[in-house]
Amino acid sequence: MESEVWGTAPRAGEAIAAELIRRRQKIDQDELEFSYLAAQFAQTDEYDWQGFDSPIAWLKANCHMSGGAASARICAGQQAEHLGQSSEAMAGGEIGFAHFALIARTSAAVGERLDQDKLLGQARKQTIARFHDSCYHARHAADPKGCAADEAQGVEARSLTFANSDDGMVYVNGMLDKVGGAAVQAALEPLAQRTGKNDDRCRERRVADALVEICTHELDHGVPSRRPHMQVTTSLETLLGLCGAPAAEMEFSLPISAKAVERLACDSSVTRILLGSDSTVIDVGRAKRTITGPQRKALKVRDRGCVWPGCDRPATWTEGHHLVHWTHNGPGNLPNLVLLCYRHHWMVHEGEWQIVRADDGRMLTVPPITPYQRLARGPD
Ligand SMILES: [Zn+2]
Ligand SMILES: [Zn+2]
């Protein structure tokens, strides 16, 4: 009895699934017919009569389409007469219109060198994203020069802008060609990995951090090296974190906090112009603050990488940190220095974490005291 119920009861989802497939095939068929019409329309000068620059512009405005979608339809319609096999496959539900449009694009690019059989075989098996790549391979095989020319055009179209908002945040907006984009992503990717299991930064934040980190460590023939290149103007009061001290000034930025200056000054590789009380340019404590080349080497051998518990960032991506800051008379010798990665160095200074060396040599970290904890401690 029971088995009969399980065996025969129609599943609600099953019917919906079949209906979805049926409707999508119908939409795909409509898309193809739309494409025939769009190609025919493009042959006329009706768009011109109606005051548009091109058939694509007309489709964008009147059929509420993106430029890419409009040009894909016109191309599909124009190529359809050579693509009988593909439109049959689509009518039979073997491929979708998205596959068809990609085959049409390839056909337009390579003309008679199109191997429709082979492409169609791939389209039947592949997702749209994968088939996109297959079409590119086919195009490259038939027209390597055209592919190279497209890529060169992509390089010409590279752009990157920085816009400052009123509160000092910087909007980054840009476009890269695929090779350039891949190079940037490949460079950022290793630095965008989580630093230990307690790293709860979201992916976007980690990529942004990686960009800042990589720019902070200017690459020198593939080897990250910290070179003085940021110019900070500050007063001694600010550097000492005294109450009432003004903010510091940094090239290309709105004024920055004393905490940020403290961190930048900690590794000692920032070009600083310190203004004395009489506004003359002085540079204090150079000997004290400088981590010398041999010291840096010794640090790398001893710490091997970021010393934050659980962090595995290697030494090349670290900065020197004074456990007792040199502005507070911390010595510039090895026992007072450790290597920290960009993020953990930031957490120690701006993030107000503490890192201390225990008697047995292990590094211990102490989270910042929250306002709640401060309150709970009471006036003891
Ligand atoms: Zn530091
Ligand atoms: Zn670290």
Side-chain angles (χ1 to χ4, degrees), residues 188-203 205-217 224-228 230 232 234 238-241 248 250 256-272 274 284-286 288-292 295-296 298-358 361-368:
L188 295 181
E189 197 50 44
L191 296 170
Q193 300 299 314
R194 290 186 197 281
T195 54
K197 62 178 186 304
N198 292 323
D199 185 353
D200 54 4
R201 294 171 300 161
C202 68
R203 165 98 189 142
R205 163 81 200 279
R206 282 182 277 125
V207 174
D209 282 355
L211 180 63
V212 174
E213 184 171 1
I214 211 162
C215 296
T216 313
H217 296 248
S225 71
R226 301 210 78 216
R227 268 190 259 143
M230 268 189 285
V232 177
T234 182
T238 302
L239 204 48
L240 289 170
M250 189 164 86
I256 59 172
S257 71
K259 278 287 171 196
V261 175
E262 186 189 271
R263 175 173 55 83
L264 292 170
C266 190
D267 182 70
S268 334
S269 42
V270 177
T271 309
R272 278 148 307 137
L274 302 173
V284 290
R286 175 173 274 280
K288 198 160 48 177
R289 68 173 168 77
T290 303
I291 301 178
T292 62
Q295 267 178 329
R296 220 174 267 279
L299 263 176
K300 280 184 182 177
V301 171
R302 189 196 67 190
D303 291 347
R304 282 179 299 176
C306 178
V307 298
W308 194 274
C311 181
D312 55 6
R313 187 91 6 133
T316 36
W317 290 104
T318 57
E319 335 184 316
H321 169 67
H322 290 71
L323 291 168
V324 179
H325 204 278
W326 58 264
T327 51
H328 298 289
N329 294 319
N333 58 12
L334 279 180
N336 190 41
L337 294 168
V338 290
L339 294 180
L340 286 176
C341 69
Y342 169 77
R343 171 166 185 256
H344 290 131
H345 202 195
W346 185 90
M347 279 167 68
V348 169
H349 289 278
E350 283 102 319
E352 300 200 345
W353 279 69
Q354 290 179 54
I355 185 162
V356 287
R357 201 195 305 276
R362 281 185 309 139
M363 301 307 298
L364 300 176
T365 56
V366 187

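First listed ligand is number 1; within each ligand, the first listed atom is number 1. Note that the numbering runs from 1 along the sequence shown for the chain.
For a distance bound of 2.8 Å, the N, O or S atoms of His349 include one lying that close to the Zn ion (ligand 1). Contact annotation: His325 places no N, O or S atom under 2.8 Å from the Zn ion (ligand 1).
Neighbouring protein atoms of the Zn ion (ligand 2) (N, O or S, distance under 2.8 Å, waters ignored): Cys306 SG, Cys311 SG, Cys341 SG, His344 ND1.
Nearest heavy atom pair, residue Cys306 against residue Leu340, reads SG-CA, 3.8 Å. Considering every non-hydrogen atom in both Trp308 and Met347, the closest pair reads CZ2-CE, 3.7 Å. Heavy atoms only, all atoms of each residue included: Tyr342 and Arg263 are closest at CE1-NH1, 3.8 Å.
Annotation: side-chain contact (heavy atoms from CB on, under 4.5 Å) contacts of Asp199 (sequence neighbours excluded): Arg194, Thr195, Arg201, Arg206, Arg343. Partners of Gln193 according to the side chain to side chain donor-acceptor pair (under 3.5 Å) rule, which considers only residues two or more places apart in sequence or in another chain, are Glu189. Under the rule for a ring pair (Phe, Tyr, Trp, His ring centres under 6.0 Å), the partners of His345 that lie at least two apart in sequence or sit in another chain are His321, His349.
The atom of His321 that is an N, O or S and sits closest to the Zn ion (ligand 1) is ND1.
Side-chain atoms of Asn336 come within 3.5 Å of backbone atoms of Val324 as a donor-acceptor pair (strictly under, hydrogens ignored).
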